[in-house]
Structure formats: structure tokens, C-alpha cells
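Heads up: the structure comes next, in C-alpha cells.
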Number of protein chains: 2
Amino acid sequence: MAKRATIGDVAAYAGVSTATVSRVLNGGAVAETTASRVREAVARLAYTPNALTRSIFAGRASTIGVVIRDLSSPFYLDLIRGIDEVAAANDSLVLLTNTFRQIDREVAQVRAMDEQRVRGLIVTTGETADSRTRRMAESGAPCVVVARTVPDPPPGVHSVSLDDAEAGRLMAAHLTGYGRSSVGVVTSGRRPSQLERTAGLRQALAERGLPLPEDAVTVAESETEVSDAVGSLLARARNRDRPLDAVVCTTGRLTVAVHSALTARGVAIPDDVAFLTMDDFSWAPALGITVIAQPSYQMGRRAAELVVERPGEPVTLVFAPTLVARTSCGEGPTSSRDHRFPDR
Amino acid sequence: MAKRATIGDVAAYAGVSTATVSRVLNGGAVAETTASRVREAVARLAYTPNALTRSIFAGRASTIGVVIRDLSSPFYLDLIRGIDEVAAANDSLVLLTNTFRQIDREVAQVRAMDEQRVRGLIVTTGETADSRTRRMAESGAPCVVVARTVPDPPPGVHSVSLDDAEAGRLMAAHLTGYGRSSVGVVTSGRRPSQLERTAGLRQALAERGLPLPEDAVTVAESETEVSDAVGSLLARARNRDRPLDAVVCTTGRLTVAVHSALTARGVAIPDDVAFLTMDDFSWAPALGITVIAQPSYQMGRRAAELVVERPGEPVTLVFAPTLVARTSCGEGPTSSRDHRFPDR
DNA sequence: TTGAAAGCGCTAACAT
DNA sequence: ATGTTAGCGCTTTCAA
């Protein structure tokens with residue numbers, strides 16, 4: 001196992017001091033003849049500077065930490081792509097971890113990022129990790145919370161999120177515009193974003209004189225729970241005068257599962273029920289599924305830019321959702337060509 | 001911007017030496033009373049050890065570098081999930097970059113990983129970066145090449161790949177078993193894996209007396225080129241006695257595009273042509289698309305394990321592809337229930 | 001223009 | 001059981 005050349009080796013080989021080598025590497029005043037001798041030595045010894053040691057001086061690493069809850073969600077994938085692009089343009093690498101939706105991992109991983117002295121942190125975690133992100137921000141590492149707003153953020157703590165209530169409202173407007181009035185919801189738990197989407201939907205429905213009763217909202221934490229959730233929605237409707245004519249899914253993660261559960265039960269989309277879900281995805285055009293899209297790639301870019309640009313005041317960025325109409329809610333008044341996905 | 005507490009601050013606060021603090025942190029022999037005083041100081045000062053400085057001693061960071069060609073491919077996503085899982089179990093973080101299929105980025109990013117003194121590297125790059133990975137391996141950072149085998153690998157350089165020729169053979173066997181004989185291929189360029197899949201397909205077809213002429217194989221590098229590729233396949237078939245009855249796509253990245261191109265031209269699957277593609281994906285069951293699946297998650301795990309376990313001899317792991325039969329090649333002899341995806 | 005030397009935050013011999 | 005000291009690989013004064 002060959003030892004790596006250090007700056008000292010290069011200096012010795014070139015017959016200069018380490019200070020001189022450092023200068024030619026980082027651009028100081030060096031005579032051209034000396035410099036070329038050093039470059040020669042660098043090449044000969046295949047010297048690769050140690051970024052770790054370098055960071056010790058800067059006080060911080062050049063990496064951007066990213067803690068993702070669920071790598072399998074298309075939203076997060078595009079988010080990462082956006083982050084990565086900005087990082088690459090700023091000579092940063094991305095230190096990535098996946099929490100697999102486990103809170104204890106979230107905390108451990110944010111701590112690990114802190115230990116790595118990341119230049120900044122982008123997290124999609126719950127509030128549990130907030131105390132640490134605050135401390136990190138204090139010590140000079142900007143933290144950007146994604147998919148959630150932070151109440152009363154201190155300097156250095158920013159957030160990038162979607163206008164979730166508006167997403168719910170868009171859903172209501174679209175559905176009612178297509179003549180649907182009895183909506184069932186599959187949602188995925190207690191996260192603020194989930195709750196606000198449902199709340200926005202409920203409010204906008206109410207404004208149109210349509211109630212969204214509590215038992216028309218079912219919770220499915222995982223894909224396996226979706227089938228039951230959809231079943232209960234369908235069963236509930238059967239006991240009423242007004243049959244279910246629309247199913248809304250508030251998280252892109254469960255789109256496949258909800259769609260499958262509906263299809264498996266012989267429900268025709270959109271003839272029996274309209275189907276409307278969150279987050280655009282590559283197969284949505286082919287399947288004709290109408291979605292509320294988040295500009296996830298842009299959100300990733302902006303999050304990374306906040307890390308790089310380190311604004312003095314806390315920044316709260318709320319992005320607007322857009323509805324991409326296809327055919328899963330029926331053929332409606334306006335039918336425009338659909339070439340919206342992908343958005344890069 | 002509050003300065004961070006260092007080990008020296010903790011030592012001073014607790015009235016001990018830095019060596020003692022280091023011992024309680026890393027488990028040396030310390031009197032319980034002293035230790036608790038130190039822990040108290042750690043808590044008071046919110047001391048978080050600097051992993052960077054630590055790595056300087058170890059000679060290496062605790063991070064695993066991962067260079068991915070295309071984050072948007074489902075194959076790579078699951079690969080990363082596997083890597084991340086193993087990394088987390090070994091107190092490692094994943095340093096991730098996306099090359100966006102640009103060769104110059106590949107080289108720069110592998111170099112960046114080297115500078116970060118990653119504990120090991122997992123790359124999906126072309127041969128261009130091989131000289132560097134060899135050097136990294138020499139200096140003690142195991143490198144695992146994914147989706148490609150490395151000819152004559154030196155110690156520390158491993159590979160994890162799919163038996164691509166076998167994938168092609170599986171395709172041929174399935175298609176012919178379902179009575180298809182005139183196959184068209186959409187492939188994505190000159191990568192070895194792509195070529196071998198086509199070669200395997202051609203060979204197995206030939207064994208059954210079915211030629212796969214050169215012009216039945218079209219290349220589409222990007223999604224936008226797919227429509228033309230599919231068009232030329234269809235046009236070519238029209239000028240022959242035997243119409244096209246199967247379309248094969250050799251890369252999961254282009255599945256949507258090929259499927260859409262076919263559908264847009266009014267081609268019925270599987271009635272007009274059978275459709276067979278690479279890589280399982282979450283919508284495949286719903287769409288009834290038959291695929292050749294790679295155990296991408298397992299491949300990620302094994303790749304990361306090679307980094308962690310650092311075997312002395314070069315390891316070449318070739319995984320077997322499996323065909324997941326659904327309905328896109330027609331209803332065939334054996335129809336088994338399909339619950340294969342996901343595989344975690 | 002260049003070198004000597006101090007020091008970044010931490011660990012690991014070596015003493016005590 | 002604890003402290004002292006010498007680095008790890010690099011940058012950066014401060015002199016020369």
C-alpha cells in the first residue's frame with residue numbers, strides 16, 4: 001500500500017519549502033522557474049492535496065450536507081439533482097444520507113453532518129433536529145429546511161417549501177370544475193405539509209358548499225396500508241346517498257399504491273372516480289394522471305444557493321404548486337397538449 | 001457567529017488535559033469521577049468533535065465516495081439506497097455526485113473524491129477515470145466499479161456488474177417463447193453493458209435461426225432521439241415481408257420514451273408488437289410491462305461491503321438478471337401472479 | 001521571491 | 001489514572 005505523497009514530499013523533490021509548494025498550488029507570488037519545478041514534482045509524485053487538512057484551516061469542509069427522508073420519492077430525487085448541480089458549480093460535494101423515515105436516524109445523521117463540519121446543511125427532517133440545526137447555523141453553517149417552514153427562524157436557518165394549502169385548493173378547484181363533489185382522501189400522516197394540503201382542500205371545498213368529513217380522509221403510512229385505506233373510502237361511500245366520485249392522494253410516494261388499489265377493485269378512472277395526486281413523475285403523461293407538481297428541481301437549486309450565498313437574514317421561500325391537467329379527472333373544459341414533464 | 005468549542009475548551013472547562021478528554025470520548029481508561037466531569041463540560045459547551053481533524057490521523061475520511069452517471073435512473077437510485085444502508089451501518093456517510101453523463105465531470109469528480117480522502121469509492125464511470133481509481137486503490141482506498149467489469153484489476157479494484165449478455169439471452173428466450181420473431185432494438189450507445197446486452201440478444205436469436213440485422217438496432221442517446229429511433233424501426237419493418245413484432249429497449253432510462261413513442265404511433269402492446277425492457281420500476285406492474293430486472297439494491301449493498309471489508313484480492317461480482325414476466329409480450333404459456341416489485 | 005516556524009483540532013506514545 | 005509532547009498535512013504570518 002503505497003504511501004501518498006504529501007506536500008512535504010513535493011517540496012523535497014522540488015528542492016523548495018512546503019510554503020512555496022502551497023503558494024504555487026493556491027496562487028501566490030512564485031517565480032515562474034520555481035513554479036514549473038514544483039509542478040513537475042507534483043506530476044511526478046502524483047500529488048493530490050488533502051482536502052481534509054485544508055478544511056481544518058478554513059474551519060469548515062467544502063461539502064454540503066443533505067439529509068433526505070426518503071430517497072425513493074421522485075420529489076427528493078429531483079431535489080438532489082438541483083442541489084448537486086449548484087454544488088458542482090461551487091466546487092462542493094454533496095454529503096448525502098437517507099433516514100428511511102426513522103426519526104432517530106434523522107438526529108444521528110444531522111449530528112454526523114455537524115461533525116463533518118459541512119459548509120451548510122439541507123434537511124428534510126422533522127422538528128426533532130431543529131435544536132442542532134440552530135446551533136450549526138450559529139457556528140456558521142447555514143441550514144435549509146426543505147418541505148416545512150421553520151417558525152421564528154434565527155439567522156442562518158432558512159426554509160424552502162411548497163404552498164401546501166394552495167396545492168389543496170388547486171385540487172378542489174380542479175375537481176369541482178370537472179363536476180366532482182364527493183371526495184375521498186388518502187394521506188400519509190401527521191407531517192405539516194400533509195395536514196396543510198388536506199386543510200387547503202377542505203377549505204376550498206367548503207367554500208363551494210361541499211364538506212370533506214373526517215372519515216373521508218384516510219391515513220396510510222406505508223404502501224401496504226393503502227389498500228385498506230382505499231377500501232374504507234369505497235365502503236364508506238357505499239353507505240351514503242352520494243357515491244364517491246374522486247380520490248385524492250396527498251403524497252407522491254403513495255401514488256402507485258393508490259392507483260393500483262383503485263384499479264384492483266375495478267374502479268374505472270375517471271369514469272367511476274377521478275384521481276388526482278401530488279408530484280409529477282415520468283409515467284404520468286403516459287397514464288394520463290393529473291397531478292399537482294412541485295418545482296422540486298428548482299427548490300433544490302435554491303436550497304443549495306442559500307447555503308452558498310449565506311444571506312444574513314433568514315429566508316423563507318414558498319414555492320407555488322401548479323396543476324398539470326391530464327385525463328384522470330375526466331375530459332374537461334380546457335384540454336391543452338401535455339408536454340409538461342420533465343421540467344429540466 | 002459563535003466560535004465552536006474545541007477539545008481544548010472542554011479540557012480547560014473540566015480542568016483536565018486534552019488527552020483525558022480524548023480518552024473519555026474514544027473510550028480509554030479514565031476514572032469515573034473525571035469522566036463525568038468531562039461529559040458535563042462536553043454538554044455545557046455543546047462540544048461536537050471535528051471529524052475532519054480526526055480523519056487526518058486515520059489517514060482517511062470515514063466517508064464513502066459515490067460517483068453516479070445519472071441520478072434519474074431507477075437503477076442508480078436503488079443502488080444508492082443499498083450503499084447508503086451499508087454505509088449507515090458502518091458509521092460512514094456517502095459523498096455523492098452526479099456526472100450527468102459528462103465525461104469531463106467524471107474525471108473531475110473522481111479526483112475530488114480522492115482529495116477528500118474517501119475511505120473507498122464506488123463509481124459508475126467509464127474507463128477514463130481508471131488510472132485514478134487504480135492509484136486510489138494503491139493508496140488504500142478500495143474502488144468498486146459498478147455496471148462494468150475492469151480488465152485485469154489490481155488489488156483494491158473491484159467490480160459489481162450484471163451479466164449483460166445473459167440479460168440479452170433472457171430477452172430472446174422470452175420473446176421467441178411468446179412467438180415473436182422479428183425484433184427491433186432501441187439501445188443507448190457504446191457503453192459495454194449496452195453492447196453486451198444486444199450481443200447476447202443477437203446470439204440467442206441466431207441460435208434459434210432468427211437474425212438480428214444491424215439496422216434492426218437503433219441508437220438513441222437521449223429521450224428526444226427515441227421517437228426517431230422507434231420511427232425508423234417501424235419504417236424499416238414496413239419495407240419487408242415480415243413485420244416487426246417485438247421491440248426491445250436495452251436501458252431502463254429510455255423505457256418511458258420508447259413506450260410513449262410506440263403508443264403515440266398507435267402501436268398496440270402486445271397485440272401489434274411485444275415490448276420488453278430493462279430494469280424493474282414501480283409502475284411496471286400497473287402497466288403490465290415485462291422487464292429484465294437487476295438486483296440493484298443488492299448490488300449497491302455488495303459494492304459498499306467491498307469498500308468496508310477491503311478484500312485483499314480483486315473481486316469481480318457478476319449478478320444474474322431475472323426476467324419478470326407481465327403482459328407486454330402477450331399472454332404466454334406460464335402466467336404467474338405478479339408481486340415481484342419492490343424487492344426490498 | 002523564498003524559507004522557517006507556528007498552529008489548525010485532534011490522537012497516541014511516552015512519562016509520571 | 002492522567003499529563004506532556006510530538007506529530008498528522010496543510011496554510012500563513014513573519015523574516016530574510
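The analysis underlying the following values was restricted to heavy atoms, covering all of them including side chains, and did not include hydrogens, waters or symmetry mates. Below, chain A is the first sequence line, B the second, and so on; all start at residue 1.
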Under 3.5 Å, side chain of A/Q109 to main-chain N/O of A/N98, donor-acceptor pair present?
-> yes
Any residue meeting salt bridge (Lys or Arg N to Asp or Glu O under 4.0 Å) with A/E221, in chain and number order, not counting sequence neighbours = A/R190
Those residues that, when tested against B/E313, pass side-chain contact (heavy atoms from CB on, under 4.5 Å) (two or more places apart) | none
How would you list, by chain and number, every residue that makes a side-chain contact (heavy atoms from CB on, under 4.5 Å) with B/A112, sequence neighbours excluded?
-> A/L93
Backbone of A/V67 reached by a side-chain donor or acceptor of A/T124 within 3.5 Å | yes
Are the side chain of B/E106 and the backbone N or O of B/G126 linked by a donor-acceptor pair below 3.5 Å?
-> yes
For the helix from C/dT1-D/dA16 to C/dT16-D/dA1, how many degrees between its two end axes (five pairs per end), to the nearest 10°?
-> 40°
Report, as a single string ordered 5' to 3', how protein heavy atoms within less than 4.0 Å touch nucleotides 7-16 of chain C: B base, S sugar-phosphate only, - not at all.
-> BBBBBBB---
For B/R4 against B/D9, the heavy-atom pair lying closest together | O-OD2, 3.8 Å
What is the distance from CG of A/D9 to C1' of D/dC10, rounded to the nearest Å?
-> 13 Å
Heavy-atom donor-acceptor pair, A/R117 side chain to A/D114 backbone, under 3.5 Å = yes
Distance-only side-chain donor-acceptor flag, B/R132 / A/T48, under 3.5 Å = yes
In residues 32-44 of chain B, which ones come under 4.0 Å of DNA chain D, going by heavy atoms?
-> B/T34
Looking just at side-chain N and O atoms, do B/R119 and B/S92 make a donor-acceptor pair shorter than 3.5 Å?
-> yes
Would you please confirm or rule out a distance under 4.0 Å between OP1 or OP2 of D/dG3 and any side-chain N or O of B/T20?
-> yes
